[in-house]
Amino acid sequence: MFALWRVVHVLLVAFAGVLVGILLDGVTRFLCRHTTLTRPLAFGLVVALLTGLSVGFGLWVAPDIADQLTQLRRQIPEAIAAVRGWVRDQGWLSVVRDAELSEEMLTNGIGLEGLSGVFTTVFGLLGNILLALFIGVVTAARPGLYIDPLVRLLPHARRDDAREVIGSVGQAMRQWLIGRMVSMTIIAVGTSIGFLIIGLPLWLALGFLAGLLEFIPYVGPALAFVPAVLIGLLQDPTTGLHVALLFMAVQFAESYLITPFVEQYVVSIPAALLVTVQACMAILAGLVGVLLATPMTVLVVVLVQTLYIRRVLGDDVEIAGASGQPDEHPARDRPPDGTPEPA
């Protein structure tokens, strides 16, 4: 069982690498379409720019975030103890107080122990992140090298259909990733500025954490809300209230102003289905499973639409993520050696 779990874990990391490759390939194709750059030059430029941005982020911002995350991990238990003491001091909360809220109930009951462990787990995932980045770069550099052998395993009559399905999957994944990145940026910037205005300690780490967890729809914002409110309550109840109101305002703006616009071009998945998949993946693969639950659901939705609803049932269905940009089939249009597409 342990060996099987490790294989599943490696496959999930490889899937994350494919997502990175899809994103890099999409940016490269965009540059090729709108400039005179050849594909090798465009891809090299994309990798160089992302490397430069990562190095700049690591030199100027990451140390402050890492320091504040370390402080945040130390202060969460203090905030839990403060909330527990406040609850026990309130006579009108006698029912809750009589339930003998223990440290274990506060941490396990609302997931704070797991949340505190997220910080350690995230840093422990550094090796997996590097592996995923490596897989993403090599697959984006020559996507045909990996796609064409898979297509050749099928009968000749099915190969064009296979390339079309692969193109639809890539388009949906690319659009979903763009939508998530937009949401993550809005949440990170909005909450960080708001926390700074409020005067909340560790505002940069909390804003960064909120943006990072936004990658996980529905569950992520709830996980980011808890430590921010706890740190606010550690200062005083008014600050905690301000933090809660700020979180609700930013989430409202993201949900009702930004998301409706973004969802015109990306995949929209029913909330109940997505949360169920997230819970199942959390049991099967832990944090990595939760992170990849949504893109895996997108993959399954597109495959069902293309392979079953459209081809088996014969129904005319709009493929998820197909709107917003022209339909692209990189495996069909680009030679396997990664040479630039014809103009």
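Hydrophobic clustering of Ile, Leu, Val, Met, Phe, Trp and Tyr side chains at less than 4.5 Å, counting indirect connections, unites L303 with L12. Transitive grouping of hydrophobic side chains (ILVMFWY, heavy atoms separated by less than 4.5 Å) keeps V250 and L245 in distinct clusters. L241 and M248 fall within a single hydrophobic cluster, where Ile, Leu, Val, Met, Phe, Trp and Tyr side chains are chained together by heavy-atom contacts under 4.5 Å. Taking hydrophobic clusters as Ile, Leu, Val, Met, Phe, Trp and Tyr residues chained together by side-chain heavy-atom distances below 4.5 Å, L212 does not share a cluster with V189. In this structure, I283 is not a member of the same hydrophobic cluster as Y218, with clusters built from ILVMFWY side-chain heavy atoms closer than 4.5 Å.
For the side chain to side chain contact (heavy atoms under 4.5 Å, CB included) criterion with T306, the lone passing option out of V301, I166, V169, V165 is V165.
The structure places CD of Q71 at 4.5 Å from CG of D67, a figure rounded to the nearest 0.5 Å. We find the OG1-CD1 distance between T70 and I65 to be 11.5 Å, quoted to the nearest 0.5 Å. From F15, atom CZ reaches atom CE of M296 across 6.0 Å, with rounding to the nearest 0.5 Å. Distance check, rounded to the nearest 0.5 Å: CG of L223 to CD of E214 gives 11.5 Å. Distance CG/L145 to OG1/T139: 10.5 Å, rounded to 0.5 Å. Put simply, OG1 on T38 and CG on L31 are 11.0 Å apart, with the number rounded to the nearest 0.5 Å.
The existence of a salt bridge linking R142 and D148 is excluded, since no basic side-chain nitrogen approaches an acidic carboxylate oxygen closer than 4.0 Å.
Counting heavy atoms from C-beta outward, L24 and L50 have side chains that approach closer than 4.5 Å. Two residues are said to be in side-chain contact when any heavy atoms from C-beta on lie closer than 4.5 Å; W176 and M173 fail this criterion. The shortest distance between side-chain heavy atoms of V302 and Q171 does not fall below 4.5 Å. Considering only heavy atoms from C-beta on, E164 comes within 4.5 Å of R310 through its side chain. Counting only heavy atoms from C-beta outward, the side chains of T294 and R180 never approach each other to under 4.5 Å. Using a 4.5 Å heavy-atom threshold, the side chains of I197 and W203 count as separate. Between M281 and L292, every side-chain heavy-atom pair lies at or beyond the 4.5 Å cut-off. At a threshold of 4.5 Å between non-hydrogen side-chain atoms, the residues T191 and L206 do not count as touching.
For Q68 (side chain) and L204 (main-chain N/O), a donor-acceptor pair under 3.5 Å exists by modelled atom type. Judged purely by atom type and a 3.5 angstrom limit, R39 has no side-chain atom pairing as donor or acceptor with the backbone of R29.
Contact between L154 and A162 at its shortest, heavy atoms only, is CD1-CB, 3.4 Å. Heavy-atom minimum distance, A210 versus A224: CA-CB, 3.6 Å.
Relative ring orientation between F225 and F247 is described as perpendicular, the plane-to-plane angle rising above 60° on a 0-90° scale split at 30° and 60°.
Within 6.0 Å of atom NE2 in H156, 12 or fewer heavy atoms from other residues, nucleotides or ligands are found, so the atom counts as exposed in its surroundings.
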